[in-house]
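For reference, the structure discussed in these notes is given below.
Lettering follows sequence order; numbering is per chain, from 1.
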Amino acid sequence: EAGVAQSPRYKIIEKRQSVAFWCNPISGHATLYWYQQILGQGPKLLIQFQNNGVVDDSQLPKDRFSAERLKGVDSTLKIQPAKLEDSAVYLCASSLALMAGGTGELFFGEGSRLTVL
Amino acid sequence: KQEVTQIPAALSVPEGENLVLNCSFTDSAIYNLQWFRQDPGKGLTSLLLIQSSQREQTSGRLNASLDKSSGRSTLYIAASQPGDSATYLCAYSGAGSYQLTFGKGTKLSVIP
């Protein structure tokens, strides 16, 4: 079974430039997550989709970050304009549909490492 | 506010030792707790998932326990091997919350 696919694996940009990351979840997984992991920290949830609807985007810096999942499968995360503090690994994860009481088992991709100079 | 603490932050053991990694969380009303492994420059690999109705889960040399009343989980690794060297993260989902809250992880080094 194919896992969660992400691209690009690495990206280096200047501050104030824009960048986009792509994610393809495990087939059949209705729920998709974008996490930000800063070096030495645990992942922090940015946005969570159930099919193509947003479940939680409370920690997404909406002035510069945006994400979409138009057809309920692939998703893109965009940063515009980037700041130095956005340097991090952006992890995509997926799970089966949300359970009645909470989230199910999450499966992560390899991540996209962003360096902002 | 949901918080997860993992102690110790780093651990170095000789090959063959049994070891325990600790995780504590602030919310007693949890839905499930998940342990992950992260190798340098890689994503997270799911190791064990414990539902709130369970007390432990086992997979090979790994055993994870959950004590909701004390807000603690432990990951036991038996007969450690150099290939076990990685960062281990625990994360939990609070009941009624769809957000998974992570700890900062414990970096494990198993010395041959």
Side-chain angles (χ1 to χ4, degrees), chain A residues 1 3-7 9-10 21 23 25-26 29-50 53-60 88-115, chain B residues 1-10 21 23-54 57 59 64 66 68 86-107:
Chain A
E1 177 183 283
V4 177
Q6 289 190 247
S7 68
R9 288 293 316 279
Y10 305 93
F21 302 112
C23 173
I26 292 172
H29 280 194
T31 311
L32 185 148
Y33 314 75
W34 284 102
Y35 280 85
Q36 180 193 58
Q37 187 177 25
I38 293 172
L39 188 64
Q41 303 289 318
K44 182 185 83 171
L45 179 68
L46 292 176
I47 189 167
Q48 180 176 345
F49 295 94
Q50 172 84 335
V54 176
V55 175
D56 184 351
D57 64 355
S58 58
Q59 299 188 90
L60 186 74
V89 177
Y90 291 85
L91 296 163
C92 179
S94 69
S95 68
L96 292 171
L98 295 175
M99 311 301 175
T103 189
E105 187 173 9
L106 266 66
F107 297 88
F108 282 80
E110 293 281 290
S112 295
R113 181 177 298 274
L114 173 66
T115 302
Chain B
K1 180 183 176 183
Q2 296 178 330
E3 290 187 358
V4 179
T5 303
Q6 291 190 248
I7 296 173
L21 306 181
C23 170
S24 61
F25 46 91
T26 54
D27 195 345
S28 61
I30 75 167
Y31 183 75
N32 60 37
L33 185 139
Q34 200 166 352
W35 281 93
F36 295 89
R37 168 186 172 137
Q38 187 171 33
D39 292 285
K42 300 287 189 179
L44 279 68
T45 301
S46 177
L47 296 174
L48 291 164
L49 172 72
I50 311 176
Q51 300 289 355
S52 63
S53 59
Q54 299 172 320
Q57 280 285 349
S59 176
L66 174 64
K68 291 188 297 181
T87 296
Y88 291 81
L89 297 105
C90 76
Y92 83 97
S93 172
S97 167
Y98 298 116
Q99 181 173 147
L100 204 61
T101 301
F102 282 84
K104 293 183 179 181
T106 294
K107 185 176 182 179

Which region of B/Leu89, side chain (C-beta onward) or backbone (N, CA, C, O), has a non-hydrogen atom less than 4.5 Å from a non-hydrogen atom of chain A, or is it both or neither?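 The side chain, not the backbone.
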Heavy-atom cut-off 4.5 Å, strictly under: side chain, backbone, both or neither for B/Gln38 against chain A?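 B/Gln38 touches chain A through side-chain heavy atoms alone.
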Test of understanding: with salt bridge (charged side-chain N to carboxylate O under 4.0 Å, His left out), list the residues that count as partners of A/Arg113, not counting sequence neighbours.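 A/Arg113 satisfies salt bridge (charged side-chain N to carboxylate O under 4.0 Å, His left out) with no other residue.
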Between A/Thr31 and A/Gln48: side-chain donor-acceptor atoms closer than 3.5 Å: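 Judged by distance alone, the side chains do not pair up.
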If only side-chain N and O atoms count, and only distance matters, is there a donor-acceptor pair under 3.5 Å linking A/Gln36 with A/Gln41?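 A/Gln36 and A/Gln41 do not have a side-chain donor-acceptor pair below 3.5 Å.
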Worked check of side-chain contact (heavy atoms from CB on, under 4.5 Å) between B/Ser46 and A/Leu106: CA-CA 7 Å; B/Ser46 177; A/Leu106 266 66; over 6 Å; no
Leading residue by heavy atom contact count with chain B [cutoff under 4.5 Å; candidates A/Pro43, A/Gly42, A/Gly111]: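 Heavy-atom pairs under 4.5 Å are most numerous for A/Pro43.
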Contacting region of A/Gln6 [heavy-atom separation from chain B under 4.5 Å]: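 Neither part.
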